[in-house]
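What follows is a short report on a single structure.
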Amino acid sequence: MNVIVLVKQVPDTENVKLDPETGIMIREGIDVVMNPFDSHGLELALRIKESRGGKVTVISMGPPNTEEVLREALALGADEAILLTDRIFAGSDTWATSFVLSEAIRRLSLDFDLIICGEKATDGETGQVGPEVGALLDLPVITYVSNVIDVSDGEMILERSVEDGVERWKVKLPALISVMRSVAEPRLPTLAGKKKALKMEIKVFSGKDLGFDPKEVGLSGSPTRVVSVFNTKVSRECVLYEGKELEEGLKKIIEILKPFVEGDGR
Amino acid sequence: MIMVLNNAFDKNSLELLGKARELASKVGYKVVLFLITGKEENFERAGGYGADEAVVAVHPRLKRFSLDPFLKISERVVRRYNPSIIISPATTFGRTLLPALAAKLKTGLTADCTGLDIDDEGNLLQTRPAIGGNVMATIKTPNHRPQMATVRPKTFPIPNYDDSKKAKVIMEEVKDEDLEDRCFLLDFKEKELEANIQEADVIVSVGKGLRRKENVEIARKLARLVRGAVGATRAVVDAKWLSQDHQVGLSGKVVKPKVYIAAGISGAVQHIAGMQTSEFVIAINKDKYAPIFKVADLGLVADAASTLEEIARRLESIEEAGN
C-alpha cells in the first residue's frame with residue numbers, strides 16, 4: 001500500500017517566546033521543523049507500511065531549506081522525498097498551494113492508495129490544503145481523523161472527531177485523510193536512520209520541471225490578497241487577588257459562575 | 001448575493017445571518033441561507049434573522065456531513081445562484097466543505113475569520129488571527145467570485161428575531177445520485193458534554209499546576225456544576241491526564257467561551273493563542289508572575305486544585321438551595 005504524506009515546514013512554535021513588551025512572537029533565530037500535525041501523519045504512514053508493505057513518499061512545497069525537514073522524514077523511514085521548490089511558488093495561498101501539490105502528484109504520475117496530511121499547520125492554521133487537494137484530485141476525503149481502526153485492500157475504517165462526538169467511517173481507497181495528533185505518536189529518529197537518510201536523494205522539482213505557468217502559481221495564482229496586517233495585543237486589566245484578598249476574589253468568581261449553575265433550573 | 005451555507009438551522013446559522021444582513025445592507029445585496037440538512041423545519045423563520053430566501057436540501061441521509069454528497073449539492077446550487085460571497089461557520093463541517101468547494105470553484109477562501117466587513121466595491125474584508133493570535137491579517141479576494149470565508153463560531157451576536165419577516169423557502173431536490181458516497185458512516189458515538197470545548201459557555205481548563213492526575217476530577221466536578229467543559233494544556237494531554245479532545249492551544253483547539261478558567265496553567269504562548277479571545281478569563285495560579293495573569297480579567301494567587309474545590313463546594317450549596 002503506497003502512502004503519500006504532505007508535509008509543511010513551519011517555525012518551531014513549540015519553542016517560541018513572546019516579546020514581553022509587544023506580546024508578539026519572537027521569530028528571529030527560531031528553527032524550522034516539520035509541522036507537528038504532519039509528524040503524526042508520517043508516523044501513521046510508516047505504521048501502515050510496516051504492517052501492509054508498500055512505500056511512503058513525503059512531498060513538500062517550500063523554500064530550498066525544506067530539504068532538512070524532508071531528510072528528517074527519510075531518517076524516520078520514508079522511502080522517497082519530493083521537494084517542489086521555485087521562486088514562482090512563493091506567496092501561494094491555500095488554493096495555489098493545493099493546485100501545485102495536486103498537479104505535482106498528477107504530473108509525476110505518483111501511484112498512491114492514500115494521501116495523509118495534518119489537520120492544519122501550526123503557522124497558517126487554515127487546515128484548508130488537505131480538503132482542497134482532495135477535491136482537486138477528486139478523492140474521497142475524511143478530515144479530523146482521530147484514530148485509524150483498520151486498513152485493508154481498497155478500504156479503511158477510521159474515527160473522525162467532530163464537535164458533538166466521534167463518527168466511525170468506512171472509506172474507499174484511494175482517499176485523502178487529514179489527521180489529528182492522536183492517530184499515532186511519532187517515533188524518534190535513530191542514528192542508523194539518520195546515516196541512511198544522508199545518502200538518500202531528495203527529488204527536487206522546479207515550476208518549469210512540472211510545466212507550471214508562473215501566472216497560475218505563487219502570489220499571481222492566488223485568489224486571496226493580504227491587505228493589511230496589524231497587532232492586536234489582547235490587553236486585559238487583571239484584577240489580582242492574593243493573601244487576605246482571596247476571599248473577595250472567590251466571591252467574585254462565584255457571582256460570575258452562579259448564573260451557569262442556575263441556568264436550566266435543575 | 002451573500003450566501004450563508006451551513007448543515008443545520010442552528011446558532012451558527014443565525015449569527016452568520018445577522019452579519020450577512022448587516023453587510024448586505026451596505027451594498028444592497030440579497031441574503032440567502034443555504035442549508036444542506038437532515039431534518040425538515042420551519043425554514044421561513046430564517047427571514048426573521050435576516051435572510052431573504054432559504055434554499056434547502058433536506059434528506060435523512062444528509063443528517064451528518066459527508067463530503068461527497070455535500071460537495072455535489074453545494075457546487076450545483078452555488079453555480080446556479082452565483083453568489084458574490086459565501087460564508088460558513090469554521091466548524092468541522094465548514095472547514096471541510098468550504099475548502100473543497102473553493103477548490104472546485106477555483107476561488108479564494110479565508111479560514112477562521114474573526115471579523116468581516118465589506119467595501120464599496122463589494123469586496124469582502126476578511127480578518128483573521130495570524131500566527132499565535134497577536135497579529136491580525138485582513139484579506140480580500142479581489143478578482144475571483146465567490147469570495148469565501150469560514151467564521152469562528154461565537155464571533156458575532158445572534159440577531160433579535162423579527163417575527164414580521166419570513167424568508168421565501170426554495171426546496172432543492174435531492175436526487176439519488178447526489179447521495180452516492182465513497183465514504184460510509186458506520187456509527188456515531190456522542191461525546192460527553194465535558195469534552196465539547198468548542199461549544200461550552202464555560203471551560204474549566206487545567207495545567208500541570210494541578211499537581212496530580214486525580215485532581216482533574218475536581219475540574220470535572222466544577223465543569224459539571226456550571227454545565228461546561230474541561231480544557232487542558234498540551235502538557236496535561238501529553239501526560240495522559242485528559243484526552244486530546246480537551247486540548248486548548250496552537251496544537252489543540254481555539255476556544256471562545258463566555259468564561260474561561262485557567263487553573264494551574266502558567267500561560268505558554270501556545271496555550272494563550274487558543275484561549276485569549278474568551279469573553280472573560282479567570283486565572284488561578286500560585287505564581288504571581290505567571291504569564292497567564294496578563295491575559296486574565298480576574299486572578300487568584302492561590303493553589304489551583306484547592307481553589308477549584310472551594311469554588312465547586314460553594315456552587316454546590318447554591319445548586320442545592322435552588323432545588
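Here is the naming used below: chain letters follow the sequence lines, and residue numbers restart at 1 for every chain. Since the model is a prediction, treat every value here as computed from it, not as a measurement.
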What's the shortest heavy-atom distance between A:V261 and B:R227, and which atoms? O-NH2, 2.7 Å

Main chain of A:T126, side chain of B:R95: is a donor-acceptor contact present, judged purely on distance under 3.5 Å? yes

Quick check for you: to the nearest 0.5 Å, what is the distance between B:C183 atom SG and A:E155 atom CD? 11.5 Å

Between B:L298 and A:Y241, does the side chain to side chain contact (heavy atoms under 4.5 Å, CB included) criterion hold? Intermediate values first, please. CA-CA 8 Å; B:L298 193 163; A:Y241 298 89; 3.9 Å; yes

Non-hydrogen atoms of B:F65 and A:W169 that approach each other most closely: O-CZ2, 3.5 Å

Heaviest contributor of heavy-atom pairs below 4.5 Å to chain A, chosen from B:L67, B:I284, B:D297, B:T107, is B:D297

B:I282, part contacting chain A, at a heavy-atom distance under 4.5 Å: side chain

Proximal component of B:Q147, with respect to chain A [non-hydrogen, under 4.5 Å]: neither

Atom group of B:V226 that falls short of 4.5 Å from chain A, counting heavy atoms: both

When rounded to the nearest 0.5 Å, the distance separating CG of B:L250 from CG of A:D123 is 9.5 Å

Value rounded to 0.5 Å, distance of OG in A:S222 from CG in B:N143: 12.0 Å

For chain A, find which of B:K104, B:E199, B:K106 contributes the most heavy-atom pairs closer than 4.5 angstrom. B:K106

With only heavy atoms counted, which part of A:S98 is less than 4.5 Å from chain B, the side chain, the backbone, both or neither? neither

Evaluate the criterion salt bridge (Lys or Arg N to Asp or Glu O under 4.0 Å) for residue pair B:D238 and A:R181; output intermediate values, then yes/no. CA-CA 11 Å; B:D238 285 350; A:R181 291 201 298 129; 3.8 Å; yes

What part of A:L257 is in contact with chain B, defined as an atom under 4.5 angstrom from a non-hydrogen atom: side chain, backbone, both or neither? both

Looking at NZ of A:K252 and CG of B:L300, how far apart are the two atoms once the value is rounded to the nearest 0.5 Å? 11.0 Å

Who pairs with A:F37 by ring-ring contact (aromatic ring centres under 6.0 Å, His included), at least two apart in sequence or on another chain? none

Which atom pair, heavy atoms only, marks the closest approach of B:Q244 to A:S182? OE1-N, 2.9 Å

Can you name the side-chain hydrogen bond (donor to acceptor under 3.5 Å, both in side chains) partners of A:W95, sequence neighbours left out? none

Looking only at heavy atoms, the pair that brings B:T96 and A:P131 closest together is O-CB, 3.7 Å

Within a 6.0 Å radius of atom NZ on B:K258, are there more than 12 heavy atoms belonging to other residues, nucleotides or ligands? no

Quick check: are there more than 12 heavy atoms from other residues, nucleotides or ligands sitting under 6.0 Å from CD of A:E237? no

Quick check for you: among B:T141, B:I139, B:T138, which has the greatest number of heavy-atom pairs under 4.5 Å with chain A? B:T138

Residues A:E125 and B:R152 bridged, charged N to O under 4.0 Å: no

Output the residues of residues 132-140 of chain A for which the shortest heavy-atom distance to chain B is under 4.5 Å, in residue-number order; output 'none' if no such residue exists. A:E132, A:A135, A:L136, A:D138, A:L139, A:P140

Checking B:S243 against chain A: side chain, backbone, both or neither under 4.5 Å from a heavy atom? neither

Point-to-point distance, once rounded to the nearest 0.5 Å, from CD1 of A:I254 to CD1 of B:I318: 6.0 Å

Polar side chain donor-acceptor pair, A:R236 to B:Q276, under 3.5 angstrom: no

Applying a strict 4.5 Å limit to non-hydrogen atoms, the region of B:I261 in contact with chain A is side chain

Could you list which of residues 159-166 of chain A have a heavy atom closer than 4.5 Å to any heavy atom of chain B, in residue-number order? A:R160, A:S161, A:V162, A:E163, A:D164, A:G165, A:V166

Over all atoms of both residues, closest heavy-atom pair of A:L250 and B:E310: CD1-CG, 3.9 Å

Quick check for you: to the nearest 0.5 Å, what is the distance between A:Q128 atom CD and B:M148 atom CE? 9.0 Å

Option in B:Q198, B:R128, B:K253, B:Q126 with maximal non-hydrogen atom pairs under 4.5 Å from chain A: B:R128

Between A:I253, A:I256, A:V129, the one whose heavy-atom pairs under 4.5 Å with chain B are most numerous: A:I253

Top of B:L71, B:T92, B:L98, B:D181 for chain A proximity - count of heavy-atom pairs under 4.5 angstrom: B:T92

More than 12 heavy atoms of other residues, nucleotides or ligands under 6.0 Å from NZ of B:K191: is that the case? yes

Between A:K172 and B:D68, is there a side-chain N and carboxylate O pair less than 4.0 Å apart? no

Which of B:A111, B:G108, B:P99, B:S66 touches chain A most, by non-hydrogen pairs under 4.5 Å: B:P99

Contacting region of A:E119 [heavy-atom separation from chain B under 4.5 Å]: side chain

Could you tell me which portion of B:E190 (side chain, backbone, both or neither) has an atom closer than 4.5 angstrom to a non-hydrogen atom of chain A? both

Would you say that B:K189 contacts A:R168 through its side chain, given a criterion of any heavy-atom pair below 4.5 Å between the two side chains? no

